[in-house]
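Have a look at the structure below, then the notes.
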Amino acid sequence: MKLNREEQEMLGGKHGDVKQKMMELLIAIGECYDAEHMVPIGSAHLVSGTPINAGRGGTKFIKELAEGGAKFVVPTTTNPASLELWRWKEMGYDEELYKRQEEVSDHLSRMGAILCNTCTPYLIGHTPRMREHVAWGESSAVLFLNAVLGARTNREGGPSAIASAITGRTPAYGYHLDENRYGQLKIINRVNLKGDSDYSTLGYFVGKIAVDRVPIITGIPSSISQDRLKCLGTPFAVTGSVSNYHIVGVTPEARTEEEATGNRKISSSDIFEFGPKEFKETEESLSAIGPEDANLVVLGCPHASITQLKEYAKVLSGRKVKNNLEMWIQTMHSTKTYAEDIGLADIIESTGTKLVCNICAGAMPRDFFKKSGYTGVLTDSPKYIYYITTIQDTPCCYGGRLDKFVDVVTNK
Ligand code: F3S
């Protein structure tokens, strides 16, 4: 791999042992993918900032880096935590987990991390620009970055994103290169999609068909909101490894279909339709239980924006969560504070719904749901179903849009 002078110096140890090791790690990864050189990055986002995702080994790795004086040289944010830091006792998390989370967070903070603990850091000011190279983990954020912002990142693992944050470099392969960003198949949407979760249903279907190829989606109104784009891309990660998509006339690298495909023709065998039949089948395929079998409702995957909180408040206003149920809306603490300031939080919490901050079932201990007595979960997110089913071993029902199942979970 060709390295510039500064990169050679890092590799040679001139900038210290830690940078040397991190550069060795990035070169090893780059060589696996035939990367010819490194690219400087503008920022990083870490998926390893929790005791559960990092594990004991990862925590030791992070501790050694912090104690060795490592510093992040680019803005670096963190993914959801393993527990709710403001109401962990009330929600039944144990103190040992709280201390372990604090330990990982302290080490990352010493290295310079911004501990925002969210999968949507791009909603709170960590927003890369078009064509900016970055090193981000978190599949839903990576899709938003590549497709909606036109920034460039591969789906980084814990150690590689940390190594990039310390060196300011990532190997140039995958989505950093033009040739890997073009659309390779086409999905034609023929459904009148009415809410964020309808876009999640389409996204789950698209991810299943695309697997590792970049899809172009047509039939989407050019007025589609940022929230809906967020919901569309998120489920791709459940069914495949693709981390980019295009919508002609909407996403920045697809002003025309020719631009989206790099002037390549898509063969008829790579064109698929998403009609009412596919919509219904996709929704049904996601549920293992009925809505009445759930005793926990979780909304806000990825973490809800302020505009989504307003939508949820509109549907929930004047209702009460049923006695046999608990209902969470996941968001960022900063967004919750904003919602408190403008009266939205009151509307939501007066229904009995909890606004829970900076968490994800994928970062919680495996037994947390069972220990808490949650025997079935109803959600509007296919990605959450994946995590609750696989990590929490708890069956799920896919409700689709909240307005479709609000009568099942609340009373007027
Ligand atoms: Fe975020 Fe967890 Fe969903 S990381 S995208 S809330 S599965």
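Numbers here simply count residues along the sequence, with the first being 1. Atoms within a ligand are numbered from 1 in the order they appear, just like the ligands themselves.
Contact check on Asp198 versus Arg401 returns a salt bridge, with a Lys/Arg side-chain nitrogen under 4.0 Å from an Asp/Glu carboxylate oxygen.
For the residue pair Gln101 and Tyr93, no side-chain donor N or O sits within less than 3.5 Å of a side-chain acceptor on the partner. Checked by atom type, the side-chain pair Thr261/Glu257 shows no donor-acceptor distance below 3.5 Å. Inspection of the Trp136 and Glu138 side chains reveals no N or O donor paired with an N or O acceptor under 3.5 Å. Side-chain contact check for Lys383 and Ser139: at least one donor-acceptor pair (N or O, by modelled atom type) lies under 3.5 Å.
Closest protein heavy atom to atom 4 (S) of ligand 1: Glu138 OE1, 3.5 Å.
The tally of protein N/O/S atoms under 2.8 Å from atom 2 (Fe) of ligand 1 stands at 1.
Checking side-chain atoms of Thr120 against main-chain N and O of Leu123 turns up no donor-acceptor pair under 3.5 Å.
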